[in-house]
Amino acid sequence: MSSSYVPSPPTEAPVEIPRAVLRLLALVDITTAGRRVLDELMYLSDPEAGTAAISQNEMCAELGASKPTVNRGFKELRECGLAWSLEDGLYQLHPLLTGGKVSSPVMPIPEIKAAEPERFTEQRRARYAAQVANLAAAG
């Protein structure tokens, strides 16, 4: 049985992200699924704690995406340091995305894994070449 309930944001206040952080986000190599999950987490973020409360099923319903797609998005965000799970259905966004807000002042904060601007295009080309090679090998 799936739930059609989707949580509302804790406030209607705008989410403000500095330009330097937007530049950093542009250099984090995540899929569209990862970016959609991140956008939803930011929409739902609590401005006091930098957390977002949403279950996997709720995220699937909100994005119209499958569980594997949503899981991949959450995994990418965790691996690159943009967001991580605190407990089932509660996620911490990196303090750069929340104006420094975190749920616990003693929480370890991961480094965001972003490409160097000069190498980003090179990394994308190498990834594309690997994907094409995999398709050729499978076909």
Side-chain angles (χ1 to χ4, degrees):
M1 186 164 109
S2 67
S3 168
S4 60
Y5 169 78
V6 176
S8 297
T11 177
E12 291 300 321
V15 175
E16 296 181 16
I17 303 173
R19 290 181 189 279
V21 175
L22 290 173
R23 176 73 174 138
L24 179 67
L25 286 175
L27 297 172
V28 174
D29 196 12
I30 58 174
T31 64
T32 303
R35 184 57 198 230
R36 291 180 68 211
V37 170
L38 178 62
D39 289 346
E40 187 64 21
L41 291 176
M42 291 183 64
Y43 168 72
L44 294 171
S45 66
D46 178 334
E48 299 302 314
T51 57
I54 186 169
S55 72
Q56 179 191 43
N57 286 338
E58 292 165 347
M59 184 67 79
C60 291
E62 181 67 7
L63 300 181
S66 68
K67 281 188 180 184
T69 298
V70 167
N71 281 342
R72 183 175 65 245
F74 279 125
K75 180 181 178 198
E76 289 176 4
L77 295 179
R78 182 182 67 250
E79 288 175 349
C80 71
L82 290 173
W84 55 93
S85 177
L86 297 174
E87 60 186 57
D88 272 356
L90 184 64
Y91 300 89
Q92 177 69 56
L93 289 154
H94 194 284
L96 283 177
L97 303 174
T98 65
K101 304 294 186 189
V102 291
S103 61
S104 169
V106 296
M107 175 183 301
I109 306 298
E111 179 180 339
I112 295 176
K113 294 172 183 67
E116 294 296 321
E118 309 78 43
R119 294 188 53 236
F120 188 70
T121 302
E122 175 187 323
Q123 287 178 337
R124 282 284 186 170
R125 285 189 183 129
R127 187 165 137 191
Y128 176 74
Q131 290 171 338
V132 170
N134 284 339
L135 289 175

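- For A33 against R72, the heavy-atom pair with the smallest separation is CB-NH2, 4.0 Å.
- Side chain of S85 to backbone of E87: a donor-acceptor contact under 3.5 angstrom is found.
- Under the 4.5 Å side-chain heavy-atom criterion for grouping Ile, Leu, Val, Met, Phe, Trp and Tyr, I109 is not connected to V28 through any hydrophobic cluster.
- Between the side chain of Q92 and the backbone N or O of S103 there is at least one donor-acceptor pair closer than 3.5 Å.
- Linking ILVMFWY residues whenever their side-chain heavy atoms come closer than 4.5 Å, directly or via other members, leaves L86 and M59 in distinct clusters.
- One finds the CG atom of L96 at 6.5 Å from the CG atom of L24 (value rounded to the nearest 0.5 Å).
- Follow the hydrophobic side-chain contacts under 4.5 Å out from L25 and you reach V37 in the same cluster.
- A donor-acceptor pair under 3.5 Å links the side-chain atoms of R36 to the main chain of L63, judged by distance alone.
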Side chains of residues 9-21: which donor-acceptor pairs under 3.5 Å do they make with residues two or more places apart or in other chains?
| residue | atom | partner | partner atom | Å |
| --- | --- | --- | --- | --- |
| T11 | OG1 | A13 | N | 3.1 |

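- Using a 4.5 Å cut-off on side-chain heavy atoms (C-beta onward), T31 and T69 make no contact.
- Applying the ring-ring contact (aromatic ring centres under 6.0 Å, His included) definition to pairs two or more places apart or across chains, those involving residues 52-75 are F74-Y91.
- Closest approach of E76 to I30, counting heavy atoms only: OE1-CB, 3.5 Å.
- Of all heavy-atom pairs spanning P95 and W84, the tightest one is CD-CH2, 4.4 Å.
- The two residues L41 and L77 have their closest heavy-atom pair at CD1-CD1, 4.0 Å.
- Remark: L82 CG to L93 CG distance equals 8.5 Å, nearest 0.5 Å.
- Contact check for K67 versus N57: side-chain heavy atoms found under the 4.5 Å cut-off.
- Shortest non-hydrogen contact noted between L44 and A53 is CD1-O, 4.1 Å.
- Taking NZ of K75 as the start and SG of C80 as the end, the distance is 12.0 Å to the nearest 0.5 Å.
- Under the 4.5 Å side-chain criterion, counting only non-hydrogen atoms from C-beta, K113 is not in contact with E79.
- Y43 and I54 fall within the same hydrophobic cluster, defined by Ile, Leu, Val, Met, Phe, Trp and Tyr side-chain heavy atoms under 4.5 Å apart, directly or through other members.
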